[in-house]
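What you are looking at is a predicted structure, and each value in this text was computed from that prediction instead of being measured.
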Amino acid sequence: MPSSLQHKLLLQPPDPRSIERKGSFAYIAHQYVRVNLTRVFGFGNWSFVIDEHDLLAEAKTPQKNGGKENWRVTYRVKGTLSVTFDDGRTTKFTEYAVDSMIHPEYEQSHDNAVKAASSGALRRCAMNLGSLFGLGLYFDGYQGEVIHHTIETLRDATDEGGQGPEAG
């Protein structure tokens, strides 16, 4: 179970500066995911492992300006995020992501595509930890808090003699 401080941090909405857009799709930039994982869980108390990576497609494509050809490469990545809460309990989240990159250099197109798909898998895993990691963005781009409370906050409020956050 997260400590009360971890719980409080996980319920915060994302920093608006952490939100990026790709067309109409909004997401938390991977560097902010990594920063917030370290803020909430501490150095060495989280890890991300690429379980699988599959090349889905590669093809040469002409450049728009008529220059040399580019490589368009698409990868699917399965990744697992593990986090250890202050009480020592560890939990894992596994997600997939697919991304494509276009680059004139063959190796660079593969490198960029697998990294982009890996970042997507990390973001999708972290989203399971709540609003700080962009869960609300899946609700039509909402940038605020979407969970508001959990069983832990209700239990804590009741244990402290209150009637819970909904009372009053």
(request) Answer with yes or no after comparing the ring centroid distance for F41 and W46 against a 6.0 Å cut-off, counting only values under it. (result)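 So the answer is no for these two rings.
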Same apolar cluster: [X] and [Y], side chain cutoff 4.5 Å:
X: L10; Y: L81; value: yes
X: L55; Y: Y106; value: yes
X: Y32; Y: L9; value: yes
X: Y27; Y: V33; value: no
X: V40; Y: I19; value: yes

(request) Classify the angle between the aromatic ring planes of H53 and Y75 as parallel (below 30°), tilted (30 to 60°) or perpendicular (above 60°). (result)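 Geometry flag for Y75 against H53: tilted rings.
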(request) Starting from the C-alpha separation in whole Å, work towards a yes-or-no answer on side-chain contact (heavy atoms from CB on, under 4.5 Å) for V83 and T90. (result) CA-CA 6 Å; V83 297; T90 297; over 6 Å; no
Check [X] against [Y] and note the closest heavy-atom contact, atom names and distance.
X: A121; Y: A97; result: N-CB, 3.3 Å
X: A26; Y: R21; result: CB-NH1, 3.2 Å
X: R123; Y: A29; result: CD-C, 4.3 Å
X: S131; Y: P14; result: O-CD, 3.1 Å

So, do [X] and [Y] sit near enough that their side-chain heavy atoms are less than 4.5 Å apart?
X: T91; Y: F85; answer: yes
X: T61; Y: E69; answer: no
X: W71; Y: K60; answer: yes
X: L122; Y: E95; answer: no
X: M101; Y: R72; answer: no

[X] [atom1] to [Y] [atom2] distance, which is reported to the nearest 0.5 Å:
X: S4; Y: D86; atom1: OG; atom2: CG; answer: 9.0 Å
X: R124; Y: F133; atom1: CZ; atom2: CZ; answer: 15.0 Å
X: S82; Y: L37; atom1: OG; atom2: CG; answer: 11.0 Å
X: I102; Y: N70; atom1: CD1; atom2: CG; answer: 6.5 Å

Could you tell me whether the side chain of [X] and the main chain of [Y] form a donor-acceptor pair under 3.5 Å?
X: N128; Y: F93; answer: no
X: S119; Y: K115; answer: yes
X: E20; Y: I28; answer: no
X: Q6; Y: S3; answer: yes

(message) What I want to find out is whether R76 reaches D54 closely enough, with some N-O distance under 4.0 Å, to be called a salt bridge.
(response)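 So R76 pairs with D54 through a salt bridge.
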(message) Does D15 form a side-chain contact (heavy atoms from CB on, under 4.5 Å) with L132? I'd like the steps, not just the answer.
(response) CA-CA 8 Å; D15 182 333; L132 180 63; over 6 Å; no
(request) From the options N112, V73, T74, L56, select the one residue that forms a side chain to side chain contact (heavy atoms under 4.5 Å, CB included) with S100. (result)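 Filter result, single survivor: T74.
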(request) Step through the shown structure and confirm whether more than 12 heavy atoms of other residues, nucleotides or ligands are within 6.0 Å of CZ on R89. (result)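 For R89, atom CZ is crowded (more than 12 foreign heavy atoms under 6.0 Å).
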